[in-house]
Number of protein chains: 2
Amino acid sequence: MDKLQLPTLEDVARQAQVSTATVSRCLSRPETVKDTTRERVMQIVSELGYTPNFGAQAMVARRTNTIGAVIPTMDNAIFAKGLQAFQEEISKQGANLLVASSSYRKDLEEKQIRSLIARGVDGLLLIGDDRDEEIYAYLEKRQIPFVLAWNYREASSRTYVGFNNFQASYDMAKLVVEYGHTHIAMIAGITEGNDRALDRLAGAGEALIDSGLPRDNFTVTESKYDFDAAGNAFEKISGLGRPPTAIICGNDVLAVGAILRAKTLGIRVPQDISITGFDDIEISTIVEPGVTTVHVPHRRMGTSAASVLFKALQEQKTRSRKFETHIVKRQSLCAPSGPP
Amino acid sequence: MDKLQLPTLEDVARQAQVSTATVSRCLSRPETVKDTTRERVMQIVSELGYTPNFGAQAMVARRTNTIGAVIPTMDNAIFAKGLQAFQEEISKQGANLLVASSSYRKDLEEKQIRSLIARGVDGLLLIGDDRDEEIYAYLEKRQIPFVLAWNYREASSRTYVGFNNFQASYDMAKLVVEYGHTHIAMIAGITEGNDRALDRLAGAGEALIDSGLPRDNFTVTESKYDFDAAGNAFEKISGLGRPPTAIICGNDVLAVGAILRAKTLGIRVPQDISITGFDDIEISTIVEPGVTTVHVPHRRMGTSAASVLFKALQEQKTRSRKFETHIVKRQSLCAPSGPP
DNA sequence: AAAAATTATGTAAGCGCTTACATTGTGGTG
DNA sequence: CACCACAATGTAAGCGCTTACATAATTTTT
């Protein structure tokens, strides 16, 4: 069977005995058409099950009412919550969301961005800001409004909707020090192409230096965001000659992965070693001990990203939006139990 | 500043001193153009940063290379994993994914489906099959290929890519009975508009009847998919005159919610009461005790849904694809500890 | 080397819609 | 009742692209 021939504006016009212009007006600005005519037209429209052709409409309107989003992965509670909220807001505004994922790979992300633009998205949601200048230039050139989410930078001409990863991580590290820890490790996310991971690493590092701890007391490992990889990183760290008394993790997945492995190894958290997380996703409350972590307002951030983007679409200008984070204390962090 | 005037095919053609047809061919079927010409054209294309206009292309090609998906929510590991895999496959095929969520509401789902179709999606991914006949008629009329995922029905003309929720739940209930439980409750998902939840409820019910248990020994509560609601359901059940010794939960979120509340109430799982889940999402392995649950191959299902859809797009016919599930035994289910 | 076959390119007709502008209809004014 | 203002509708020119078909260039065949 052939691709069905859908009814066109002209079909409606013919049957309603009016011109295509009138039908078009009935649909887009009904108040400009006489009541009796409009009723007759709309009758035919629904009779025929007419729906305007998207391509044609997009072509002449020069917009698609579609927003694109490129996120590292959907399969991760960190982005899922925010993205869901983003989508809801988009939908509320009568637009649609085109999603692509980059698997945390710069090259793939660039490909996805270009693809979404070729698909005619009106605006873009991107995560973080670590990408080639060339991409920004392209975005600029094509005049595509975009917002950078999940991070925030004070002095920047770009539009951010997020929080200060550096500061939040700094605060967490300071807290760990306040608890009395002097030998600290960090399991960071892969920092390559991930400004959030890098900022969190840098923030923690600076806090420890500011606290006067010798550099040697701070060990850093990078790990992929999965339980097993984090577990391996934990195992390596805990096997060190003089293991740290606390591990700051770049996010909750890493923290939970570390805790799970600790259990396997018979290491008690937090008595033997403290562990902290970042993001405050669900699993942090489920694992035992609960993870002391940085709470991030995922949903509000997603919703806000959408509204900022819409504002950019209507007016020309936008302003960044900064969210505050705070530390949620659970059980995975406590004071070190003295020298072994 | 005005909307930037992007370069068109004609701009490229003029600068490369060829016709628009040649430029178009360079882009779509490069092998039909002489090497020297093609190189000259491509040079200009990249110089101008030309990207074909989506609307125009879609209009004449009568396809958008876009697949739509309407899922209950992205903010839930159940769909996130599968959707991510679905998206990856779509992307591999050079198409894009348009996502919408229905919040488990039939009316919203219908709206989203219509909206996606108006946006010109070439095919659709839908979850389950409980929706008005009218929608199927519409899909049929517009000849939009679609697959129904996360469920599977033997005798149906529609295309399913999923598993037998009824059977899987039946098996789980049978297992619970085998362990020796005779008083059993179920915390089901909201079954209204959710065939998976309904099938799981029905499957468990039938298993208990087949096992010869009196109907009165089986209590059913429906609950939203969140920890707190599930916790409330658990509390209600555990407060009954003669509480059941096992609770079969419609999915893992419900099971974990129940376990969490049990802890709060000082009820031991599984010693005092056994709890089972469904879906085998991450949290089932993290919570203590680990949840005995039905493992579902989320990623394979997502990938498969995409390929089935592409096959539908190319040829006309598709076949459903059934996945097998199996029970993963963890610690939340054990034999009842004898009469209280 | 001319004819035939093959390859490369150009011409132009749409695809379905919106909208500026032109035309026609309607009712109010002097 | 001629004239004007305004409302309702129609006409037709694109929007940027693909592609069938026509034409020109090149290679193969005899």
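The chains referred to below are lettered A, B, ... by the order of the sequence lines, with proteins before strands, and numbering in each begins at 1. All of these numbers come straight from a predicted model, not from anything done at the bench.
- Contacts of B:Y50 with the nucleic acid, taken as non-hydrogen atoms under 4.0 Å apart, involve only primed sugar atoms and P, OP1 or OP2.
- The outermost nucleotides of DNA chain D lying under 4.0 Å from heavy atoms of chain A, listed 5' to 3', are D:dA8 to D:dG16.
- The pair B:R158-B:E133 meets the salt-bridge criterion, with a side-chain N (NZ, NE, NH1 or NH2) lying under 4.0 Å from an Asp/Glu carboxylate O.
- Ionic pairing of A:D130 and A:K106 is present here: one or more N-O contacts between side-chain nitrogen and carboxylate oxygen are shorter than 4.0 angstrom.
- Checked for salt-bridge contact, B:K311 and B:E89 miss the test: no charged N lies under 4.0 Å from a carboxylate O.
- Positionally, the nearest nucleotide of DNA chain D for A:Q17 lies more toward the 5' end than for the other of A:Q17 and B:R25.
- B:W150 and B:F79 have their aromatic ring centers within a separation under 6.0 angstrom.
- Residue contacts shown for B:S24 include a base, since a base heavy atom lies under 4.0 Å away.
- Map B:P52 and B:K34 each onto its nearest nucleotide of DNA chain D; the residue landing nearer the 5' end is B:P52.
- Among the protein residues, A:T37 comes within range of the sugar-phosphate backbone only, with heavy atoms under 4.0 Å from sugar or phosphate atoms but none that close to a base.
- Under the 4.0 Å criterion applied to side-chain N and carboxylate O atoms, B:E109 and B:R131 are assigned as salt-bridge partners.
- Between B:Y152 and B:Y160, the ring-plane angle classifies as perpendicular under the 30° and 60° cut-offs.
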